[in-house]
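First comes the structure, then the notes that go with it.
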Amino acid sequence: MSQGISAWVLEAPMGFGDAGLHAHHAIQITICLSGALALTCSGATIRAPAIAVAADAGHRLEAHGLLAFIFVEPESRFGRALARALFADAPLAALDAAALAPAIARLHATFDAPLGPADILAAARAVVDMLAAVGEPPMPDPRIQRIIAYAAAHLDAPLSLDKASAGIHLSPSRLRHLFVEQTGLAFRTYVLWLRLFRAVQAYSEGLSLTEAAHAAGFADSAHFSRAFKRTFGLPAKTLTRF
């Protein structure tokens with residue numbers, strides 16, 4: 001991810017929807033560039049051109065047409081700003097598509113010209129910039145930032161919390177508690193989250209699905225595909241434009 005932001009775009013056929021309720025450790029911004037979009041979370045359904053879902057919130061998507069997905073790591077500076085700005089009252093929020101129109105136009109352009117991942121990421125960053133311009137949010141505990149940075153740099157090898165936390169002088173039980181407190185996830189689950197995004201990034205850079213899976217520490221592409229579908233409610237084959 002670039003500064004905790006990742007994005008892809010896809011064309012969903014009529015009747016497209018996810019395989020059921022799912023959740024992932026990211027703030028999700030979904031923008032319908034054409035067609036229709038509905039998201040359901042905690043019993044509430046929003047139908048709008050642009051909708052945000054809080055991190056770790058179970059949700060269901062129904063849509064068709066051109067869609068843009070932006071994922072923001074909740075521990076990042078942008079993620080903390082978005083959480084504070086959008087989800088004070090509920091984990092699902094309709095966004096002002098008119099106010100976001102200039103940034104959305106850049107995302108729509110990815111279907112009109114052979115733009116690459118950097119162009120899509122820049123357009124997504126413009127959307128996040130507009131939504132997160134609410135001051136300087138606090139960052140996670142520096143010890144947890146250090147563990148996350150270590151894990152992100154060693155995804156191609158087996159990882160444990162003990163190894164990632166070398167030099168951090170806390171008892172194992174206190175460290176596990178602090179990690180969950182600061183991220184909302186157990187360390188093992190958080191590493192899976194990092195591996196998913198590393199595989200997506202590697203695939204966008206030209207590696208095959210199998211090569212990308214290995215680069216992120218998955219046993220094979222089938223393991224990656226199962227984890228991707230379980231986490232995002234979409235098959236990995238949707239990663240054709242991002």
Should Leu192 and Phe218 count as side-chain neighbours, where that means a heavy-atom distance under 4.5 Å? yes
Heavy-atom distance under 4.5 Å between the side chains of Glu75 and His25, does that happen here? yes
Tell me, please, which residues at least two apart from His214 pass ring pair (Phe, Tyr, Trp, His ring centres under 6.0 Å). none
Do the ring planes of Tyr190 and Phe179 sit parallel (below 30°), tilted (30 to 60°) or perpendicular (above 60°)? perpendicular
Contact between Leu185 and Asp56 at the side-chain level, heavy atoms closer than 4.5 Å - yes or no? yes
Kindly state each residue pair satisfying side chain to side chain donor-acceptor pair (under 3.5 Å) with at least one member in residues 38-54, sequence neighbours excluded. Thr40-Thr45
Aromatic ring pairing Tyr150/His154, orientation class (parallel under 30°, perpendicular over 60°, tilted between): parallel
Filter on side chain to side chain donor-acceptor pair (under 3.5 Å), then keep only pairs touching residues 157-169, sequence neighbours left out; what's left? none
Nearest heavy-atom contact between Leu121 and Ile5 is CD1-O, 3.5 Å
Phe228 vs Phe232 aromatic rings, parallel, tilted or perpendicular, using cut-offs 30° and 60°? tilted
Please work out which of the three classes, parallel, tilted or perpendicular, describes the rings of His24 and Trp193, given edges at 30° and 60°. parallel
Heavy atoms, side chains only, cut-off 4.5 Å: are Leu170 and Arg143 in contact? yes
Check: Val200 and Phe224 side chains under 4.5 Å, non-hydrogen atoms: yes
